[in-house]
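All chains are named by letter (A, B, ...) in the order of the sequence lines, taking the proteins before the strands, and each is independently numbered beginning at 1. A quick note: this is a predicted structure, and the numbers were derived from the prediction, not measured.
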Amino acid sequence: GNSVTQMEGPVTLSEEAFLTINCTYTATGYPSLFWYVQYPGEGLQLLLKATKADDKGSNKGFEATYRKETTSFHLEKGSVQVSDSAVYFCALSEVGSSSNTGKLIFGQGTTLQVKP
Amino acid sequence: EAQVTQNPRYLITVTGKKLTVTCSQNMNHEYMSWYRQDPGLGLRQIYYSMNVEVTDKGDVPEGYKVSRKEKRNFPLILESPSPNQTSLYFCASSFGGLYTDTQYFGPGTRLTVL
């Protein structure tokens with residue numbers, strides 16, 4: 001079945017460091033890919049998304065490129081801030097062959113802690 | 001403000017005592033769903049609804065019920081809660097449930113079943 005694998009956390013960085021959170025997926029067809037962020041005590045917010053191969057999603061300095069050949073959607077940011085401390089989830093949206101379920105398949109989440 | 005709301009935000013209950021977690025969205029979305037979040041497992045879908053009166057099971061539906069009588073509301077019902085249903089629950093909605101649609105999440109309900 002479809003699945004998403006994220007790098008184990010927690011990830012601890014100093015402010016202004018470069019961030020990469022790896023995400024790889026297994027899926028049939030051509031799913032859409034998403035990064036969601038969960039700040040402490042809050043729900044999930046969409047960070048960025050890509051709906052087809054080679055698309056680059058970007059938002060708030062974060063970027064991720066949909067790589068079909070490596071089945072990856074790694075999240076990157078050039079210079080992290082303390083306010084980026086959160087849990088990051090990679091997810092894919094299944095493409096049903098006969099019916100659409102709208103289901104998101106999530107990775108286990110990666111906790112990012114940025115220190116001043 | 002466009003949002004998904006859930007109530008209650010926190011709930012402690014005892015085994016077997018029926019409870020309902022409400023979910024409401026004000027974006028006129030057709031699609032709504034429920035997820036549970038457990039450490040190390042990410043989020044898993046419980047039930048979803050493509051439209052009013054149309055619901056279906058997700059990956060972990062056992063022990064849960066839902067109903068969709070109005071477009072804006074999608075309550076989650078635990079008729080006889082058990083300790084393994086202790087979890088963080090999220091309601092989500094999107095325009096049509098298409099695989100390209102963005103899903104919007106509520107703030108979460110933290111449930112503890114003793």
Task: A:L19: which of A:V80, A:D84, A:V114 passes side-chain contact (heavy atoms from CB on, under 4.5 Å) - done: A:V80
- [ ] Measure A:L104 against the heavy atoms of chain B and call it side chain, backbone, both or neither at under 4.5 Å.
- [x] both
TODO: Look at atom CD of A:E69 and say whether more than 12 heavy atoms of other residues, nucleotides or ligands are closer to it than 6.0 Å.
DONE: yes
Task: Which portion of B:R9 sits near chain A, non-hydrogen atoms under 4.5 angstrom - done: side chain
Task: chain A contact via B:Q37 - which portion, at a heavy-atom distance below 4.5 Å - done: side chain
Open item on the list: Report which part of B:T102 has an atom under 4.5 Å of a heavy atom belonging to chain A: side chain, backbone, both, or neither.
Closed with: both
TODO: Quick one: which of A:L44, A:T51, A:V87, A:V4 has the most heavy-atom pairs under 4.5 Å with chain B, could you say?
DONE: A:L44
TODO: Would you mind checking which part of B:Q45 comes under 4.5 Å of any heavy atom in chain A, side chain (CB onward), backbone (N, CA, C, O), both or neither?
DONE: side chain
- [ ] Measure distances from A:Q45 to the heavy atoms of chain B and classify the residue's part below 4.5 Å as side chain, backbone, both or neither.
- [x] neither
Task: Between A:Q6 and A:T110: side-chain donor-acceptor atoms closer than 3.5 Å - done: yes
Open item on the list: Is A:L46 close to chain B through its backbone or its side chain, or both, or neither, when contacts mean heavy atoms under 4.5 Å?
Closed with: side chain
Open item on the list: Distance check, rounded to the nearest 0.5 Å: A:F34 atom CZ versus A:K49 atom NZ?
Closed with: 5.5 Å
Open item on the list: Check this for me: B:I12, atom CD1, are more than 12 non-hydrogen atoms of other residues, nucleotides or ligands nearer than 6.0 Å?
Closed with: no
Open item on the list: At a 4.5 Å cut-off on heavy atoms, which part of B:D38 comes close to chain A: side chain, backbone, both, or neither?
Closed with: neither
Task: Option from B:Q103, B:Q25, B:K71, B:R72 for which side-chain contact (heavy atoms from CB on, under 4.5 Å) with B:M32 holds - done: B:Q25
Open item on the list: Looking at every heavy atom in both A:F73 and A:A50, which two are closest together, and how far apart are they?
Closed with: CE1-CB, 3.7 Å
